[in-house]
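Here's the structure we're looking at; comments come further down.
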Amino acid sequence: MRDRLAASDPGLLRLTAGLRTVTAIALTLAVLAVLRVPVPQLVAGAMAAMVATFAIREKQRSRQAVTLALGLPVALAAVSLSAVLNQWVVVGDLSFVVLIFCAVYSRRFGDRGTALGLIGFQVYFLSLFVHATAAALPALCGVLTVAFACSATARFVLLPQTPAGTLDRLRWAFRARLGQLIATHIELLDAGPDEVGEILEDVRTGTARLHETALMIQGRLEDGTADEATARLVQRRIADAEIAAERLGLLLLTARSAERTDTLTLHLPGAALPAGGELPVRDEATAVLRRDLGALRLLVLRPRGEASGTALAHVRNRLLGYRDEENLPQASPAVQDVFRGLGEAARAVMGLRLALDGPQDESDDSPATARSREELDAENAAIEGSEEAEPKQPQPTGLGRPTTRAAVQVAVGSSLAIAGGELLSAQRWYWAVLTCWIVFINTASTGEILVKGYRRLVGTVLGVVAGIGLAGLVGHHTWTAFALVLVFIFAMFYTAPLSYTLMSFFVTAMLGLLYTLLNTYSPAVLMLRVEETALGAACGVFAAAVVLPVRTDRRTNELLVGVLDKLGDVTRAAVDQLSGGAGADLVEKARELDQALADLRGATQPLTHPITPLRSRRDTARYVVALLETCAYHGRSLAATAELLPTHPSIAADPRLRTACGRIVHNIDAIAAHVRDPRSPDVVESGPSIASLLEPGTLRTPRYGRVTDRVLRHLQRLDEAVSGLARPLGMAPERARR
C-alpha cells in the first residue's frame with residue numbers, strides 16, 4: 001500500500017497540499033467558533049485560510065515564512081479597498097481591473113510575486129462574495145489575521161514540509177514506479193495474443209510516469225540536497241535507472257518479435273505491435289528471465305534496513321553476472337540481449353541504491369559485482385569533480401514578456417467580464433471575472449485557454465447538479481455543511497493536478513454549500529454561476545485571441561524549435577565526447593532536453609484534445625511528439641554512454657563517430673530552420689546507414705564491442721527518427737538530398 005500511494009502521488013505532494021489546506025481551514029473555523037463570530041465571517045475566514053495556504057509555492061521554509069508575512073498586509077489592503085469602494089460601482093470596478101493587472105504582472109517577480117498577486121486578487125474576490133462593507137471591515141481584518149496565523153501554524157507546526165523530505169519521498173516514488181514498470185515488463189513477457197496490446201499500453205504509461213517522476217526530482221534537487229556534487233550524483237543515477245528500464249522494455253518487445261522493435265513503439269499510443277510479437281516464447285531461458293525480472297523488482301523496492309543478508313546479495317550478484325558473456329544462458333540472440341539489459345539494469349539499480357541509501361555491505365560481492373562497484377565509484381569521483389556553469393539566456397522585455405502580455409489580456413478580458421457579468425446579475429457578476437482570471441493561470445496560448453475554459457465549464461455544470469442535491473440534504477445544519485466543505489476542499493486540491501474538470505466540480509459543489517450557509521442558496525443561483533462561468537470563459541478566450549494573441553501554432557513552433565536546439569546540443573556534445581573531445585555535463589543537457597519536451601507536450605494539448613475537430617492535425621501532433629520522445633530517449637542514452645568514457649578503460653573513443661554524427665546534427669538544424677521559417681533553403685540529407693559509414697576497412701581500426709555497437713544503434717535510430725520528422729513538419733520529400 002505504501003508503494004502504491006508513493007507511486008500514485010509522487011512526493012505525496014497532492015496529499016500534503018490537501019491535508020495542509022484542510023487543516024488550516026479547520027483550525028481557523030475552530031478559533032473563530034470560540035470567538036463566536038457570525039457565519040458570514042466564518043465563511044470569509046475559511047476562504048482566507050485556503051488562499052493563504054495554497055498561494056505559497058516556494059520550496060524553502062524561510063522564503064515561505066517571508067511571503068506569508070507579506071501576504072497579510074496585501075490581504076488587508078485588498079479587503080479594505082473592496083469594502084471602502086463597495087458603494088461606488090464604477091470606481092470599484094476600475095480598481096478591481098487595476099488590481100487584476102497588478103496581480104498578473106507581479107508573476108514576473110517569481111514565486112513570491114505570484115503568491116502575493118494571487119492573495120490580493122482572491123481576497124478582493126472573497127470580500128465581494130461575503131458582501132464586505134466599511135462597517136464590517138474591522139471584524140474582517142481580524143478574521144483575516146486569524147486565518148493567516150492558522151495557515152502558518154498548519155504549514156510550519158502541524159504539517160511541516162522540508163525540501164529534503166519532499167525530495168526523499170520523490171526518490172521513493174521513483175523506486176515505486178520503477179518497480180511497477182518492471183512488474184509490467186513481467187506481464188508483457190507472459191502476455192498472450194489477446195493481452196499484449198493492452199499490456200503494451202501499460203508499459204507506455206509506466207514509462208511515461210517514470211519519466212515524469214524523474215523530471216519532478218530534477219526540479220527539487222537544488223533545494224533538497226546538501227551540495228551541488230550530491231545533486232549531480234543523484235541526477236545521474238536517476239537518469240541511468242530510467243534509461244536502463246526503458247531499454248529493458250524495448251529488448252523485451254524485440255525478444256517477442258521477429259524484428260528489432262522501433263523505439264517509437266514505446267511512445268506512440270496505438271502504434272502497431274512488432275511483427276511476430278503475438279505469442280510469447282516459452283522455454284527454460286524465458287522461465288529464468290521471468291524469475292530474474294522479479295528479482296530485479298525486489299532489488300528496486302527492498303528498503304535499506306531489509307537489504308542485508310546473503311540472499312539479496314546472491315540475487316544481486318546473479319543479475320550483475322549477466323554483464324559477462326560467459327554467464328548468459330543458452331537462448332536466442334534476442335533473449336540473450338534481454339539478459340544483458342537485465343544486467344545493465346541491475347547495475348543502474350545498484351548505483352541508485354548507493355546514491356540514495358549510502359554505502360552497503362561488500363562482503364558477499366562476486367567479481368562481477370565488485371567490478372560494477374568499482375565502475376560506479378570511479379564515476380562518482382568524476383561526477384564530484386565536474387562543474388559547468390550554464391550561460392544565462394536573454395529574456396524578453398516589454399510586451400514580449402509573457403507576464404506583461406498576460407496582464408494586459410486578463411485586464412481586458414476582466415473588463416468585458418465585469419460589464420457582461422453585471423448585465424446577468426448586479427450581485428454576483430464577480431464569478432465571470434474569477435473564471436476569466438483562472439483560465440489564464442498556467443496557460444500561454446489561445447488554444448490552452450480555450451481548453452481550460454471548456455473544462456471549467458463542464459466541471460461547473462456537473463458541480464451545479466451535485467450542489468443542488470447537497471444543499472437540499474444539508475439544509476441549515478451549519479457544521480455538517482462545513483465538514484462537507486472540508487471534504488470537497490481536500491478533494492479539490494488532491495485532484496487538481498490530475499483533472500481540471502474534477503477540480504471545478506468540487507469547487508462548484510462546495511459553493512452550493514457555502515451559499516446554503518449564507519442563506520443565499522437557490523437553484524437559480526447555481527444556474528447563474530454556470531452562465532457567469534460561460535461568460536467569463538468566453539471573455540478570456542476573446543481577450544486571448546484579440547489582444548496580443550499567441551496562437552497555438554506559434555507557441556508550439558517556438559517550443560519545437562527549443563526542443564530541436566537542445567536535441568542538437570545533446571547529440572553534438574555526446575558524440576564529441578565519444579569521439580575523444582572534452583567532457584561536458586551531458587546529463588544536465590539531457591534533462592534540459594526532457595524539460596523542453598515536457599513543455600512542448602503540454603502546449604500541444606489543445607491540438608491533441610479529444611474535442612478538437614481537426615483529426616489529421618491531432619494525429620500529426622501526436623506523431624511528432626512521439627518521434628521527439630524517441631529522439632530524446634536516444635539522446636539520453638548517448639549522453640549516458642558518453643559519461644562512461646572517462647572512467648571505463650574498456651570503452652575507447654572513436655574519432656569517426658564525429659563524422660557520422662554530422663548528418664544527424666545537420667538534419668536537426670535544417671528541421672529547426674524550417675520550423676522557424678518554412679521558406680528556409682536548408683534540406684534534410686539522407687544516405688547510407690550510420691553503421692555502414694563506420695565499417696572497418698582500414699588498418700588499426702578498433703574492433704566493435706558491445707558499447708560501440710550500442711552507440712551505433714542509438715545513432716542509427718536517432719538518424720531515422722530525425723529524418724522521420726521532416727514529412728509531418730511539412731518538408732517535402734523531393735527537397736531531401738539523396
Side-chain angles (χ1 to χ4, degrees), residues 264 268 393-402 405 444-450 544-573 575 592-593 596-597 599-608 612-632 634-635 659-688 690 718-738:
L264 186 65
L268 182 62
Q393 299 295 326
Q395 298 297 321
T397 59
L399 292 177
R401 184 183 290 116
R405 181 176 60 246
S445 69
T446 306
E448 291 178 67
I449 292 170
L450 178 61
V546 175
V547 181
L548 305 175
V550 177
R551 296 179 59 84
T552 304
D553 288 348
R554 173 185 161 190
R555 168 73 174 164
T556 54
N557 283 348
E558 290 175 352
L559 293 175
L560 176 56
V561 169
V563 171
L564 291 170
D565 288 343
K566 293 189 182 301
L567 176 62
D569 291 343
V570 170
T571 305
R572 191 181 294 106
V575 173
E592 290 176 358
L593 168 62
L597 185 53
D599 293 340
L600 175 63
R601 193 183 303 110
T604 58
Q605 285 187 0
L607 304 178
T608 59
T612 180
L614 305 175
R615 303 299 181 185
S616 61
R617 189 181 180 191
R618 180 188 64 185
D619 294 341
T620 299
R622 287 177 175 172
Y623 183 66
V624 168
V625 171
L627 276 176
L628 289 171
E629 288 176 340
T630 298
C631 293
H634 292 295
T659 303
C661 174
R663 185 174 71 203
I664 299 176
V665 174
H666 167 82
N667 288 344
I668 293 173
D669 293 341
I671 294 172
H674 172 77
V675 175
R676 289 190 187 95
D677 182 5
R679 296 169 296 180
S680 170
D682 294 341
V683 297
V684 172
E685 296 180 357
S686 59
I690 297 294
L718 182 59
D719 183 39
E720 294 169 355
V722 169
S723 300
L725 284 168
R727 181 183 57 80
L729 292 178
M731 296 186 75
E734 59 268 16
R735 295 181 62 192
R737 186 181 300 159
R738 296 290 177 184

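Values reported hereafter were calculated over all heavy atoms of this structure, with side chains retained and with hydrogens, waters and symmetry mates removed. Since the structure is predicted, the reported quantities are computational estimates derived from the model, not experimental observations.
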So which atom in I449 and which in A544 form the shortest heavy-atom distance, rounded to 0.1 Å? CD1-CB, 3.4 Å

How far apart are the closest heavy atoms of P606 and G602, and which atoms are they? CD-O, 4.2 Å

Going by the rule side-chain hydrogen bond (donor to acceptor under 3.5 Å, both in side chains), which residues pair with R676 if we only count those two or more places apart in sequence or in a different chain? D565

Suppose we screen for side chain to side chain contact (heavy atoms under 4.5 Å, CB included). Which residues come up paired with I668, at least two apart in sequence or across chains? L564, L567, T571, I664, V722

Taking all heavy atoms of V624 and all of P728, pick out the closest pair and write down the distance. CG2-CB, 3.8 Å

L628 and L725: side chain to side chain contact (heavy atoms under 4.5 Å, CB included), yes or no, with the steps? CA-CA 8 Å; L628 289 171; L725 284 168; 3.8 Å; yes

Measure across A726 and I671 and return the closest heavy-atom pair with its distance rounded to 0.1 Å. N-CD1, 4.3 Å

For the pair N667 and M731, evaluate side chain to side chain contact (heavy atoms under 4.5 Å, CB included) and give the outcome as yes or no after the intermediate values. CA-CA 11 Å; N667 288 344; M731 296 186 75; over 6 Å; no

Flag, side chain of H674 to backbone of V683, donor-acceptor distance under 3.5 Å: no

Using 0.5 Å steps for rounding, measure from the NE2 atom of H634 to the OG1 atom of T630. 6.0 Å

Gap separating the CD atom of E685 from the OG atom of S723, nearest 0.5 angstrom: 9.5 Å

Considering all heavy atoms, the nearest A721-L627 contact: O-CD2, 4.1 Å

Donor-acceptor contacts under 3.5 Å from residues 554-563 side chains, at least two apart:
from, atom 1, to, atom 2, distance (Å)
R554, NE, E558, OE2, 3.3
T556, OG1, T552, O, 2.9
T556, OG1, D553, O, 3.0
N557, ND2, D553, O, 3.3

How far does SG of C661 sit from NE2 of H666, to the nearest 0.5 angstrom? 12.5 Å

Any L607 side-chain heavy atom under 4.5 Å of R618 side chain: no

Ignoring hydrogens, what is the shortest heavy-atom contact between R405 and L548? Give both atom names and the distance. CD-O, 3.1 Å

